[in-house]
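These notes are about the structure you will find just below.
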Amino acid sequence: MIKKIIIYPNPILKKVARPIINFDDELKQLITDMIATMFDAPGAGLAAPQIGVARQLVIINTSKKKEDADHKAIALINPQIYAGEGSEIDTEGCLSVIDYTAEVERFKKIRVKALDASGKEIDFAAEDFFARAIQHECDHLRGKLFIDRISPLKRSLYKRRLKKMLAAENKKQVGDK
Ligand code: NI
């Protein structure tokens, strides 16, 4: 089932996610729903807090292009980035941050430990776009968004613009009634 994605500045996005302990059918369903939600958007990744579940689960789109129909994705449970090297600046966006992208600095290469959907430990290296997506999604689990990694000035300009956008939308909705 496609879930509603929570949008900044909703405070739910600031919550720190708790580890997953039970590898049951409920978790399998959550993973299925998150994958469907991510491809529907479409997005490069999705973290459980973005659909209001404060648990340490992220989905990463591993299709060649994020719009591709081959729909490849991996689920990382209780992920930990335990090593990082190099740095790279690139443009990022987020399904929870509407109408905005910004340059963000990230590690170029990382090593990740996580559990898979069956609870088995996985340990792998990632680089470039794949590494960026994992770093971005893992930030969500700590209540952090990419706009927390840009300059305060840029962030306040975006906040102001967002307020105006949301106010205009509300006016339109009231007018429609
Ligand atoms: Ni995001």
Side-chain angles (χ1 to χ4, degrees), residues 1-20 27 30-68 71-81 84 87-110 112 114 117 124 126-152 154-163 165-166 169:
M1 203 171 83
I2 290 162
K3 300 286 183 178
K4 191 169 180 284
I5 296 172
I6 291 168
I7 300 301
Y8 174 84
N10 191 317
I12 288 175
L13 295 169
K14 291 211 170 243
K15 273 198 194 166
V16 175
R18 284 169 298 146
I20 285 172
L27 176 65
L30 178 60
I31 292 172
T32 304
D33 289 346
M34 280 179 62
I35 290 176
T37 305
M38 180 186 70
F39 283 118
D40 178 67
L46 187 71
Q50 292 181 276
I51 58 161
V53 178
R55 289 288 182 174
Q56 293 181 17
L57 165 63
V58 304
I59 305 295
I60 309 288
N61 188 343
T62 53
S63 310
K64 280 194 192 79
K65 282 189 202 145
K66 78 174 181 192
E67 299 84 1
D68 272 1
H71 284 193
K72 285 191 190 114
I74 52 162
L76 302 176
I77 294 156
N78 306 342
Q80 276 185 349
I81 297 167
S87 84
E88 206 165 50
I89 295 170
D90 207 347
T91 307
E92 263 179 51
C94 177
L95 296 175
S96 293
V97 180
I98 51 171
D99 206 27
Y100 191 66
T101 57
E103 306 258 279
V104 181
E105 188 175 358
R106 301 277 188 190
F107 287 126
K108 186 173 166 56
K109 287 183 185 176
I110 54 171
V112 185
F124 61 96
E127 57 180 79
D128 299 325
F129 185 75
F130 186 38
R132 176 171 297 274
I134 294 170
Q135 290 173 85
H136 175 115
E137 298 312 327
C138 287
D139 268 1
H140 277 293
L141 303 182
R142 293 190 297 266
K144 217 165 179 183
L145 301 173
F146 80 96
I147 50 172
D148 296 315
R149 292 185 177 277
I150 62 176
S151 75
K154 278 188 186 166
R155 192 164 52 245
S156 68
L157 287 174
Y158 172 65
K159 275 187 184 169
R160 209 180 300 167
R161 186 159 65 82
L162 179 68
K163 234 183 219 171
M165 272 193 304
L166 295 177
E169 212 160 273

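Values below: every heavy atom of this structure, side chains too, minus hydrogens, waters and symmetry copies. Order of appearance sets the numbers: ligands from 1, and atoms from 1 within every ligand.
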Donor-acceptor list for residues 93-103 side chains, cut-off 3.5 Å, not counting sequence neighbours:
unit_1	atom_1	unit_2	atom_2	d
Ser96	OG	Ile6	O	2.7
Ser96	OG	Gln50	NE2	2.9
Asp99	OD2	Arg161	NH1	3.3
Glu103	OE2	Thr91	OG1	3.1

Checklist entry - At distances under 2.8 Å, what protein N, O or S atoms surround the Ni ion (ligand 1)? => result Cys94 SG, His136 NE2, His140 NE2
Checklist entry - Taking Glu88 for the side chain and Lys108 for the main chain, is one N or O donor matched with an acceptor at less than 3.5 Å? => result no
Item to check | Check: Ile81 and Gln135 side chains under 4.5 Å, non-hydrogen atoms | outcome: yes
Next on the checklist: Using a 3.5 Å distance criterion without hydrogens, assess whether the side chain of Arg18 forms a donor-acceptor pair with backbone atoms of Gln56.
Outcome noted: no
Checklist entry - Does a side-chain N-to-carboxylate-O contact under 4.0 Å join Glu92 and Arg149? => result no
Checklist entry - Would Asp148 and Arg142 pass as an ion pair if we require N to O under 4.0 Å? => result no
